[in-house]
There are 2 protein chains.
Amino acid sequence: MTIAELSTDSAVLIDDETCRLFRAGAELAGQKWTAAVLLAMARGADRFSDIRGLVDGISDRVLSARLKELERQKLLARQVVPTVPVQVRYTLTAQGRELITILQPLVTWGARWKLHPSE
Amino acid sequence: MTIAELSTDSAVLIDDETCRLFRAGAELAGQKWTAAVLLAMARGADRFSDIRGLVDGISDRVLSARLKELERQKLLARQVVPTVPVQVRYTLTAQGRELITILQPLVTWGARWKLHPSE
DNA sequence: CGTCATGGTCACCAATAGTACGCGCTAATA
DNA sequence: TATTAGCGCGTACTATTGGTGACCATGACG
């Protein structure tokens, strides 16, 4: 079922699969810092401290949590390089890159209709 | 600046305009209940109690807050019909309908790469 | 021996978000 | 007189999130 079809179907409750998917994606990308982390990675940062350096103001704890969640959702892959001290590299998966592409129009949309700050 | 270009530009910090827009939109749509409310309206619900009836489980207070925020962001318009008791009608603006269209691919994306529950 | 870098974790606190539930207002209706 | 419809608001409570700063393990380096 597409959103276009929804407007013709008024019998179904809203908490159905479409809405769940809609929300799951929007919520994932909409969580604070998540977009910034994805963009940092799109710019080439692939190590914990690189990302932290690029994303101004994020704390270790939150970055750690975001990376963990994004890995769980398979938007990025975590691989340990056994140097000393150990290094950990994060890379975007196809799914992650796709999400960034998909959300691109959101930037255009946001630019066109200026959103009003401090929601 | 597009996200595609971002990967070639590593000098800029992440908290810039693009990221702000990206986040603003994603955060707006990602907030709990917001997507459900938008979908309910896309299905034709235009009154407070209609929406509440269609969105299973939402509380008055939250629905009220969402409608207010969405109105502030100009995603919907609120108009009072001076009947008695008074009626209030909410309608999607062009901007609001556009957002739904733009976020449509997110549903497809979410369906393709199953997101993992309970984030 | 002290200390640095890396990639985090943990405990604690504050702020934000969400829920439950009752109230208010008005005029028609039972 | 009591109730209902319609649209929320106010208060109180709980749950989730985010930030801070301390801490940890390892091996190299001075």
Side-chain angles (χ1 to χ4, degrees), chain A residues 14-15 19-20 23-24 26-38 40-41 45-73 76-91 117-119, chain B residues 14-15 19-20 23-24 26-38 40-41 44-73 76-91 116-119:
Chain A
I14 295 299
D15 61 342
C19 177
R20 222 191 45 70
R23 242 174 60 65
E27 219 167 59
L28 179 65
Q31 206 172 18
K32 197 171 175 186
W33 299 116
T34 301
V37 170
L38 287 177
M41 296 189 62
D46 66 343
R47 282 165 49 187
F48 192 90
S49 8
D50 291 351
I51 300 173
R52 194 182 46 193
L54 221 50
V55 180
D56 193 36
I58 196 172
S59 69
D60 283 357
R61 195 167 85 79
V62 172
L63 176 53
S64 173
R66 288 298 170 276
L67 289 174
K68 221 171 261 178
E69 173 65 13
L70 289 174
E71 187 199 357
R72 203 172 69 81
Q73 298 289 356
L76 54 81
R78 178 185 197 268
Q79 85 189 74
V80 178
V81 185
T83 54
V84 61
V86 79
Q87 287 187 8
V88 182
R89 298 197 175 269
Y90 297 93
T91 48
S118 84
E119 48 177 326
Chain B
I14 296 300
D15 61 343
C19 176
R20 221 190 47 69
R23 242 173 61 63
E27 219 166 61
L28 180 65
Q31 206 171 18
K32 196 172 177 184
W33 299 115
T34 300
V37 170
L38 286 177
M41 297 190 63
D46 65 343
R47 281 165 50 187
F48 192 90
S49 7
D50 290 352
I51 301 173
R52 195 182 44 192
L54 222 50
V55 180
D56 193 36
I58 196 171
S59 70
D60 282 359
R61 206 166 87 82
V62 172
L63 176 54
S64 174
R66 288 298 170 275
L67 290 173
K68 219 171 264 177
E69 172 65 13
L70 290 175
E71 187 198 358
R72 203 172 70 79
Q73 299 289 356
L76 54 83
R78 177 186 198 267
Q79 86 190 71
V80 178
V81 185
T83 54
V84 60
V86 80
Q87 286 187 6
V88 183
R89 298 199 175 268
Y90 298 93
T91 48
H116 304 269
S118 86
E119 47 177 328

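Worth knowing before you read on, the calculation uses all heavy atoms, side chains too, and leaves out hydrogens, waters and symmetry mates. Below, read A as the first sequence line, B as the second, and so on, with proteins coming before strands; counting in each chain starts at 1.
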*Quick one: does B/Leu67's side chain get under 4.5 Å of B/Arg78's, heavy atoms only?*
no
*What about B/Arg61, does its side chain sit under 3.5 Å from the base of C/dT19 through a donor-acceptor pair?*
yes
*asked:* Looking only at side-chain N and O atoms, does B/Gln73 offer a donor or acceptor that is under 3.5 Å from a partner on B/Glu69?
replied: yes
*asked:* By nearest heavy atom, map B/Leu67 and A/Gly57 onto DNA chain D; which one lands nearer the 5' end?
replied: B/Leu67
*Answer yes or no: is there a donor N or O on one side and an acceptor on the other, between the side chain of B/Arg66 and the main chain of B/Leu38, under 3.5 Å?*
no
*asked:* Heavy atoms from C-beta onward define the side chain here; which of C/dA5, C/dT9, C/dG7 lies closest to that of A/Pro85?
replied: C/dA5
*If you look at every strand shown and take non-hydrogen atoms under 4.0 Å, does A/Arg89 touch a base, only sugar-phosphate, or nothing?*
nothing
*Report yes if a side-chain nitrogen or oxygen of A/Ser49 is closer than 4.0 Å to either non-bridging phosphate oxygen (OP1 or OP2) of C/dG7; otherwise report no.*
yes
*Once you round it to whole Å, what is the distance between P of D/dC7 and CZ of B/Arg78?*
10 Å
*When you get a sec, tell me which of D/dT20, D/dC7, C/dG8 is the closest nucleotide to the side chain of A/Ser59?*
D/dT20
_Under 4.0 Å, counting only non-hydrogen atoms across every strand here, what does B/Val62 touch: a base, just sugar-phosphate, or nothing?_
base
*Taking only side-chain nitrogens and oxygens of B/Lys68, does any of them come within less than 4.0 Å of OP1 or OP2 of D/dC9?*
yes
*asked:* Without decimals, in angstroms, what is the distance between A/Leu63 CG and D/dT20 C1'?
replied: 16 Å
*Quickly work out the B/Glu69 CD to C/dT16 C1' distance and round it to whole Å.*
14 Å
_Smallest separation among heavy atoms of B/Leu70 and B/Thr34, with atom names_ = CD2-CG2, 4.0 Å
*asked:* Tell me the interatomic distance from B/Ile51, atom CD1, to D/dC7, atom C1', rounded to whole angstroms.
replied: 12 Å
*Counting side-chain heavy atoms from CB outward, which of D/dG18, D/dC9, C/dG8 is closest to B/Ser64?*
D/dC9
*Among D/dG8, D/dG18, C/dG7, find the nucleotide with the atom closest to the side chain of A/Gln87.*
C/dG7
*Can you tell me the distance, in whole Å, between the OH atom of B/Tyr90 and the P atom of D/dC7?*
8 Å
*For B/Asp60 and D/dG6, give me the distance from atom CG to atom P, rounded to whole Å.*
13 Å
*asked:* Closest approach to the side chain of A/Val88, judged atom by atom: which nucleotide of D/dG19, C/dG7, D/dC7 is it?
replied: C/dG7
*Toward the 5' end of DNA chain D, which comes first, B/Phe48 or A/Ile58, by nearest nucleotide?*
B/Phe48
*Send over the distance from B/Leu70 CG to D/dG8 C1', rounded to a whole Å.*
16 Å
*Give one of base, sugar-phosphate or nothing for A/Arg66, where a contact means two heavy atoms less than 4.0 Å apart.*
sugar-phosphate
*Taking OP1 and OP2 of C/dT19, is either one under 4.0 Å from a side-chain nitrogen or oxygen of B/Lys32?*
yes
*Among the nucleotides C/dT9, D/dC7, D/dG18, which one has an atom lying closest to any side-chain atom of A/Trp33?*
D/dG18
